[in-house]
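Worksheet: one structure, shown below.
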Amino acid sequence: MQFAEFARICEHVEGIPGRLEMIEEISRVLSALDTVDLPIFVQFVTGKIFPDWSPLKLGIGPNLLFDAITLIVDGTRSDVIAEITRKGDVGLAVQAILERKKVLKRSGQNATIQTSLFTRELDLAGVFRDLEKIARMGGKSSQQEKLSIIQNLFQSASPLEGRYLARLLMEDLRIGVGEGTMRDAIARAFSVDSSLVEHAYQARNDLGEVARLARIGEDALKEVHIMPFHPVKMMLAQQGTIDGAIGENGAVAAEFKYDGSRFQFHKAGSQCRIYSRKLEDVTDALPDILEELNAATTHDVILDGEVIAEKDGKPLPFQTVLRRFRRKYGVDEMKREVMMRPFVFDILYLDGETLIDLPLQERRSRLESAVHTHITPQLVSGDPREVDRMYRESLSSGHEGLMVKILSSPYTPGIRGKNWQKIKPSVDTLDLAVIGAEWGEGKRAHLFGSFLLACQDQGEFAALGKVATGFSDEQLAEMYDLLKDHMLSESGKEVQLEPFLVFEVGYSEIQESPNYESGYALRFPRFIRIRDDKATSEIETLDGIRDRYRQQKK
């Protein structure tokens, strides 16, 4: 497939208002693609370069994109940023910039500024190879090579191609195609059951590969299994109550809810790796945890768990854990400074067998037979008073609360539902993406003083309000360092940011509001903590906000 055709398809899909029509259009395209282009198209059209399990990350910030565009146009970097600010969208801005360049080229006015870069007709597989090459480059010395590749891509791109190429480099295609839409389009394109597509995706965590298998047929999808060193998304929990969970299900499994960071431990033979909640390989940052878990089992396993930081037997705040997860250098020194302890509460794979479809009770039995230390204590009870005592014990020990799990439930990667419920003290919080900021005042004038937050709505970000309280000066300095290279545009005091950072925010209530595109706003929002163990795909949905608003009114 030529990249120009991909861009035309994206433009068409972007204008489709209804999900069913969108599924129909994408399924038509999928069925006509060859074996090479099919998985690439599936990834690209959902705004991703690589599947979530892949260790490859593009790592292109806005600054490199701005520099590449500046090199091929008759203007300055400030001109490029100003155009992005005017358009409010990096893709539309790049399209306008390349259109002007094309007009100038036709009239011969910019003969002196044309670069000698080789230009070519872009195709889907060629663009993927270039982006894969960028992802494999490392170190500061590679920046110039990355810049050269991106510059060459834009030099060869038409204005419409530039629109979607720029968005793809930011991994935000903004055409509304999420995982659910793509799952249904794959099922329709190859006449297979959507539940088989969903199950294969949960196990393989690669929609492109699932599309390839769906083309082969349903039997190929049924043969998909979880694989070591191919991490899958982690099962998620929703808010609940002890009485509600027991009232609906009878006896439940109760476990401490730790204020730590999720991990996935993979072991096959003599090889072991650890992955974070965002499926990043954090093995090198956690050598002590790796050693302990490796010694805890002689089996080939994939384990789900939580790691916490401790001092004198008491848990330390979540941010202390993240200091270890972020660490790339000086790990031995940090290992002595921050003591870590793993707790394992689930098993997904054991000696070649995929276990996610088994009920929780059976998985727990397999876990206890395969792993002899670091297993999370569990209470099985249908007595609310007994479960409540465990909840209070958890809080008094310095933990967050309780996890209540349905005994018959399978493990559903990436799914948030009632099968796992978190019980915490009654402070309402939301995980939201940071999509903008505003410069501070006074001594904070060189830092961001407030942040624009958004939930997700069908793959798009919908603003939900600003948060300006709950920050220390040290935290604001840390956030500026994290965000300064992700500024897309600036207008007066307001800054548009590439969405990649997640905040946990407390609030008193949700209100209807015409001021934000979500239709809602938070009353008295307050910053709780950075959740850089979470991806922006895991933030609260607009449907979830609506549900909270309705429950609040009741």
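The structure displayed is predicted, hence computed values, not measured ones. Note that the numbering runs from 1 along the sequence shown for the chain.
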Minimal heavy-atom distance between Val321 and Val307, with the atoms involved, is CG1-O, 3.8 Å
Can you check side chain to side chain contact (heavy atoms under 4.5 Å, CB included) on Lys257 and Glu255, steps first, answer last?
CA-CA 6 Å; Lys257 186 180 190 313; Glu255 301 164 0; over 6 Å; no
With a 3.5 Å cut-off and no angle check, do the side chains of Thr541 and Asp543 form a donor-acceptor pair?
no
Is the side chain of Asp351 donor-acceptor paired with the backbone N or O of Asp300 at a distance under 3.5 Å, no angle test?
yes
Proximity of Tyr275 and His266 rings by center, below 6.0 Å
yes
Residues Lys48, Glu171: salt bridge by 4.0 Å N-O rule:
no
Point-to-point distance, once rounded to the nearest 0.5 Å, from CG of Asp304 to CG of Leu367:
10.0 Å
Asp281/Arg273 ion pair, N-O < 4.0 Å:
yes
Hey, does Leu464 have a side-chain heavy atom less than 4.5 Å from the side chain of Leu430?
yes
With rounding to the nearest 0.5 angstrom, report the CE to CZ distance, Met234 to Phe263.
8.5 Å
Value rounded to 0.5 Å, distance of CG in Leu196 from NE2 in His199
9.0 Å
A side-chain contact here means heavy atoms from C-beta on lying under 4.5 Å apart; do Leu236 and Trp420 qualify?
no
For a side-chain hydrogen bond (donor to acceptor under 3.5 Å, both in side chains) check, start with the C-alpha distance between Tyr507 and Arg548, then their side-chain angles and the critical distance, and finish with the verdict.
CA-CA 12 Å; Tyr507 64 96; Arg548 288 191 182 218; 3.0 Å; yes
Would the distance check show the side chain of Lys405 and the main-chain N or O of Val252 forming a donor-acceptor pair, the cut-off being under 3.5 Å?
no
Nearest heavy-atom pair of Gly470 and Gln475: which atoms, and what distance?
O-OE1, 3.5 Å
Does the ring of Tyr201 carry Lys233 above it, NZ/CZ under 6.0 angstrom from centre and within 45° of its axis?
no
Carboxylate-amine/guanidinium proximity below 4.0 Å for Glu132 and Arg129
no
Using 0.5 Å steps for rounding, measure from the CD atom of Glu218 to the CZ atom of Phe190.
13.0 Å
Give a yes or no answer on whether the side chain of Thr283 reaches the backbone of Ile274 with a donor-acceptor pair at less than 3.5 Å.
yes
Any idea which heavy atoms bring Thr536 and Ala433 closest together, and the distance?
CG2-CB, 4.1 Å
Less than 4.0 angstrom from a charged side-chain N to a carboxylate O is my criterion; do Arg341 and Glu306 meet it?
no
Let me see the working for Glu478 and Arg529 under salt bridge (Lys or Arg N to Asp or Glu O under 4.0 Å), right down to the final yes or no.
CA-CA 12 Å; Glu478 177 189 13; Arg529 58 184 175 178; over 6 Å; no
May I ask you to test the Lys424-Gln239 pair for a side-chain heavy-atom distance under 4.5 Å?
yes
Phe500 and Leu483, any side-chain heavy atoms less than 4.5 Å apart:
yes
Where the side chain of Gln456 meets the backbone of Ser537, is there a donor-acceptor pair that is under 3.5 Å apart?
yes
Checking side chain to side chain contact (heavy atoms under 4.5 Å, CB included) for the pair Gln264/Leu303: CA distance, chi angles, key distance, verdict?
CA-CA 6 Å; Gln264 207 172 93; Leu303 306 176; over 6 Å; no
Pi-cation contact, Phe318 with Arg531 (under 6.0 Å, within 45°)
yes
Exam field: side chain Ser408 to backbone Pro359, donor-acceptor pair closer than 3.5 Å
no
Look only at the side chain of Lys534 and the backbone of Ile539, and say whether a donor-acceptor pair between them is shorter than 3.5 Å.
no
State whether Glu538 and Arg277 are salt-bridged, where the test is any N-O pair (Lys NZ or Arg NE/NH1/NH2 against Asp/Glu carboxylate O) under 4.0 Å.
yes
Just by distance, do the side chain of Asp457 and the backbone of Glu460 share a donor-acceptor pair under 3.5 Å?
no
Please state whether the rings of His399 and Phe256 are parallel, tilted or perpendicular, taking 30° and 60° as the class boundaries.
tilted
List the atom of Thr46, the atom of Gly178, and the distance in Å for their closest heavy-atom pair.
CG2-O, 4.3 Å
Is it true that Arg19 and Asp184 have a side-chain N and a carboxylate O under 4.0 angstrom from each other?
yes
Keeping Glu223 on the side-chain end and Ala220 on the backbone end, is there a donor-acceptor pair under 3.5 Å?
no
Do the side chains of Pro425 and Leu395 get nearer than 4.5 Å, heavy atoms only?
yes
4.5 Å side-chain heavy-atom contact, Pro315 and Tyr258
no
Regarding Tyr411 and Asp357, do their side chains bring together a donor and an acceptor under 3.5 Å, going by distance alone?
no
Which of parallel (below 30°), tilted (30 to 60°) and perpendicular (above 60°) describes Phe6 and Phe3?
tilted
Using modelled atom types and a 3.5 Å cut-off, is there a donor and acceptor pairing between side-chain atoms of Ser54 and backbone atoms of Phe50?
no
Spatial distance of atom OG1 (Thr412) from atom CE (Met235) [nearest 0.5 Å]
3.5 Å
Looking only at atom types and distance, does a side-chain atom of Gln552 sit under 3.5 Å from a main-chain N or O of Ile510, one as donor and one as acceptor?
yes
Would Glu362 and Arg366 pass as an ion pair if we require N to O under 4.0 Å?
yes
Show, in sequence, the C-alpha distance, side-chain angles and deciding distance for Arg167 and Asp172, and conclude whether the salt bridge (Lys or Arg N to Asp or Glu O under 4.0 Å) test is met.
CA-CA 5 Å; Arg167 289 180 180 174; Asp172 182 16; over 6 Å; no
Distance-minimising heavy-atom pair for Ala185 and Ser27
O-CB, 3.4 Å
Should Thr297 and His372 count as side-chain neighbours, where that means a heavy-atom distance under 4.5 Å?
no
Thr181/Met22 under side chain to side chain contact (heavy atoms under 4.5 Å, CB included): CA gap, chis, key distance, verdict
CA-CA 8 Å; Thr181 298; Met22 189 180 289; 4.1 Å; yes
Would Lys422 and Glu400 pass as an ion pair if we require N to O under 4.0 Å?
no
Going by heavy atoms in the side chains, are Ile308 and Met340 under 4.5 Å from each other?
no
Please check if the number of heavy atoms outside Lys133 that lie under 6.0 Å from its NZ is greater than 12.
no
What's the separation between atom CG in Leu290 and atom NZ in Lys267, rounded to the nearest 0.5 Å?
9.5 Å
Please evaluate residues Glu368 and Arg364 with respect to the criterion salt bridge (Lys or Arg N to Asp or Glu O under 4.0 Å), reporting the C-alpha separation (whole Å), side-chain torsions for both, the decisive distance (0.1 Å), and the verdict.
CA-CA 6 Å; Glu368 291 174 348; Arg364 177 74 182 197; 2.9 Å; yes
Test log, rule salt bridge (Lys or Arg N to Asp or Glu O under 4.0 Å), inputs Arg174 and Glu14:
CA-CA 8 Å; Arg174 304 183 71 167; Glu14 190 173 354; over 6 Å; no
Minimum-distance pair of heavy atoms, taken over all atoms of Lys418 and Ile406:
O-CG1, 3.7 Å
